[in-house]
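Values reported hereafter were calculated over all heavy atoms of this structure, with side chains retained and with hydrogens, waters and symmetry mates removed. To find a chain, count down the sequence lines: A is the first, B the second, and so on, and within it residues start at 1.
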There are 2 protein chains.
Amino acid sequence: MKEEFKLDNQLCFRLYTASRLMTQAYHPLLSEHGLTYPQYLVLLVLWEADAQPVNDIAHKLYLETNTVTPLLQRMEKEGILIRQRGQKDARQMIVSLTRKGWDLQKKLADVPFKVGGAVLCDSVTPETAPTLYKMLNDIISKLKND
Amino acid sequence: MKEEFKLDNQLCFRLYTASRLMTQAYHPLLSEHGLTYPQYLVLLVLWEADAQPVNDIAHKLYLETNTVTPLLQRMEKEGILIRQRGQKDARQMIVSLTRKGWDLQKKLADVPFKVGGAVLCDSVTPETAPTLYKMLNDIISKLKND
DNA sequence: TACTTTTGTATCGTAAACGATATAAAACAA
DNA sequence: TTGTTTTATATCGTTTACGATACAAAAGTA
């Protein structure tokens, strides 16, 4: 068995697993408010800057619009946000938070701390986290081609 | 805007993005052979040890059987593997590679190198990769509760 | 043995992801 | 202005993920 084929040596598999397990860690905190993790990411984007076109949201999340559009439609149906045609450019759909969307910010205030604490371990601490962040950022930068 | 709500500060978002982009990097190499990334992971598991029950495969991939079962059914339909009821325990489904499944190992021999090379950058090198591996492993260990 | 619980897989429903394609508005070019 | 290309979003089909549930075989218990 060649070393490079061993599951334990696969960087991608570790990223894939760590990502899924972290998302699962968010699940109980988010489902309590009827949210999924990708929907939470959309909220993070809109809390930083409200009233953005679909394209900007998708770009910030490194997702395609064909992923984001249905996601936003579901969130609109839940009354978390509204989608309106742009006035300057009628092709754009401007996404804005409703009162309910803003209220969620207060309700989810403790989520980052709870999840942050859940991953602390020997090798990942407040001191070493920046190293991990930088590595992940560099991988993302290297792989995204736009 | 609170710092902990900023997208850039979210470890999970970086893992999620890095994982998706790495999977996308595999895509052209795998789709050429009619495979998806999770199907490739199943092959990695079976190449290490053929003829395993569904449960063992799922466990090694940190996935649930309700994810793995349909995935294996599709791979069986493609003639990559076969699923047979266990003889000692009739509840088990023993998954074994076909000739076609083993042949893929040779055809995919260059995949780990191609993808490995695609992520090399300033902070992720053959020297620093073990640090990243350890951090991801520790996060996985911390989050999996079994 | 008969009954209960556990275990291994499968089925179902929903929500991502994402390649491929469609469509209308805007930008550009002839 | 008319025709072409680009852009922003949406729709469609397929494959994960995963919670909830179903079901039969095995294990444990009375």
Side-chain angles (χ1 to χ4, degrees), chain A residues 12-13 16-28 30-32 34-42 52-59 61-78 80 83-95 143-144 146, chain B residues 12-13 16-28 30-32 34-42 52-59 61-78 80 83-95 143-144 146:
Chain A
C12 185
F13 173 60
Y16 164 81
T17 303
S19 170
R20 282 193 311 102
L21 294 182
M22 278 218 69
T23 300
Q24 288 175 24
Y26 276 94
H27 187 265
L30 297 178
S31 67
E32 186 182 351
L35 291 171
T36 64
Y37 180 69
Q39 290 174 5
Y40 174 68
L41 291 181
V42 168
Q52 297 187 52
V54 173
N55 228 5
D56 288 17
I57 297 172
H59 197 257
L61 298 178
Y62 303 95
L63 290 168
E64 300 298 321
T65 60
N66 57 1
T67 297
V68 174
T69 292
L71 206 160
L72 293 173
Q73 289 170 338
R74 283 186 286 270
M75 293 177 80
E76 185 174 40
K77 198 157 25 172
E78 294 298 321
I80 296 168
R83 304 181 312 132
Q84 296 168 302
R85 283 279 161 207
Q87 293 171 351
K88 283 175 299 187
D89 188 335
R91 291 170 301 182
Q92 290 185 330
M93 265 303 213
I94 307 297
V95 181
L143 291 177
K144 74 165 200 281
D146 53 357
Chain B
C12 185
F13 174 60
Y16 163 82
T17 303
S19 169
R20 282 193 310 102
L21 294 183
M22 278 218 70
T23 300
Q24 288 175 23
Y26 276 94
H27 187 264
L30 297 178
S31 66
E32 187 183 351
L35 291 171
T36 64
Y37 181 69
Q39 291 174 2
Y40 173 69
L41 291 181
V42 168
Q52 296 187 53
V54 174
N55 228 4
D56 289 17
I57 298 172
H59 197 257
L61 298 178
Y62 303 95
L63 290 167
E64 300 298 321
T65 60
N66 57 3
T67 297
V68 174
T69 291
L71 205 160
L72 293 172
Q73 289 170 338
R74 282 186 286 270
M75 292 177 81
E76 185 175 40
K77 199 160 18 173
E78 295 298 321
I80 296 169
R83 304 180 312 133
Q84 296 167 301
R85 283 279 161 207
Q87 294 171 352
K88 283 175 300 188
D89 188 335
R91 290 170 300 183
Q92 290 185 328
M93 266 300 213
I94 307 297
V95 182
L143 292 177
K144 75 165 199 281
D146 51 359

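- You can see that DNA chain C meets the heavy atoms of chain A within a 4.0 Å-exclusive cut from C:dA15 to C:dA26, reading 5' to 3'.
- Recorded end-axis angle for the helix from C:dT1-D:dA30 to C:dA30-D:dT1 stands at 10°, based on five pairs per end and rounded to 10 degrees.
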Practice problem: Verify side-chain contact (heavy atoms from CB on, under 4.5 Å) between A:Gln84 and A:Met93, making sure each step is shown before the conclusion. | Solution: CA-CA 5 Å; A:Gln84 296 168 302; A:Met93 265 303 213; 5.8 Å; no

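- Nearer the 5' end of DNA chain C, as judged by each residue's closest nucleotide, is the contact made by A:Glu64, out of A:Arg91 and A:Glu64.
- Along DNA chain D, the stretch of nucleotides lying under 4.0 Å from any heavy atom of chain B spans, 5' to 3', D:dT15 to D:dA26.
- At the heavy-atom level, A:Thr67 lies under 4.0 Å from base atoms of the strands shown.
- Note that the CD atom of B:Gln92 and the CD atom of B:Gln52 stand 11.0 Å from one another [nearest 0.5 Å].
- The heavy-atom pair separating B:Ala90 from B:Arg85 by the smallest distance is O-CD, 3.0 Å.
- Qualifying side chain to side chain contact (heavy atoms under 4.5 Å, CB included) partners for B:Gln39, counting only residues two or more places apart in sequence or in other chains: B:Leu35, B:Thr36, B:Leu71, B:Arg74, B:Met75.
- Within a 6.0 Å radius of CD in B:Glu64, no more than 12 heavy atoms belonging to other residues, nucleotides or ligands are found.
- Nearest-nucleotide positions on DNA chain D place A:Ile94 closer to the 5' end than the other of A:Ile94 and B:Glu78.
- The closest donor-acceptor contact from the side chain of B:Arg83 to the backbone of B:Ile94 lies at 3.5 Å or more, if one exists at all.
- Across all strands shown, B:Pro53 has heavy atoms under 4.0 Å from sugar-phosphate atoms exclusively, and none from any base.
- Within 4.0 Å of A:Thr65, counting heavy atoms only, lies at least one base atom of the nucleic acid.
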Quiz prompt | Steps toward side-chain contact (heavy atoms from CB on, under 4.5 Å) verdict (B:Tyr40, A:Phe13) | solution = CA-CA 10 Å; B:Tyr40 173 69; A:Phe13 173 60; over 6 Å; no

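- In this structure, A:Gln24 and A:Arg85 both approach DNA chain D, and ranking their closest nucleotides by distance from the 5' end singles out A:Arg85.
- For B:Gln73 and A:Tyr37, each mapped to the nucleotide of DNA chain C holding its nearest heavy atom, the one lying further toward the 5' end belongs to B:Gln73.
- Ring-plane geometry between B:Tyr37 and A:Tyr16 is classed as perpendicular, the angle between the planes exceeding 60 degrees on a 0 to 90 degree scale with a lower cut at 30.
- Under the rule for a side-chain hydrogen bond (donor to acceptor under 3.5 Å, both in side chains), B:Asn66 has no partner lying at least two apart in sequence or in another chain.
- Applying the side chain to side chain contact (heavy atoms under 4.5 Å, CB included) rule to B:Gln24 yields the partners B:Arg20, B:Leu21; only residues at least two apart in sequence or on another chain are considered.
- Between the CG atom of B:Leu143 and the OG1 atom of A:Thr17 there is a distance of 11.0 Å, given to the nearest 0.5 Å.
- Looking at heavy-atom distances under 4.0 Å, A:Asn66 makes contact with a base.
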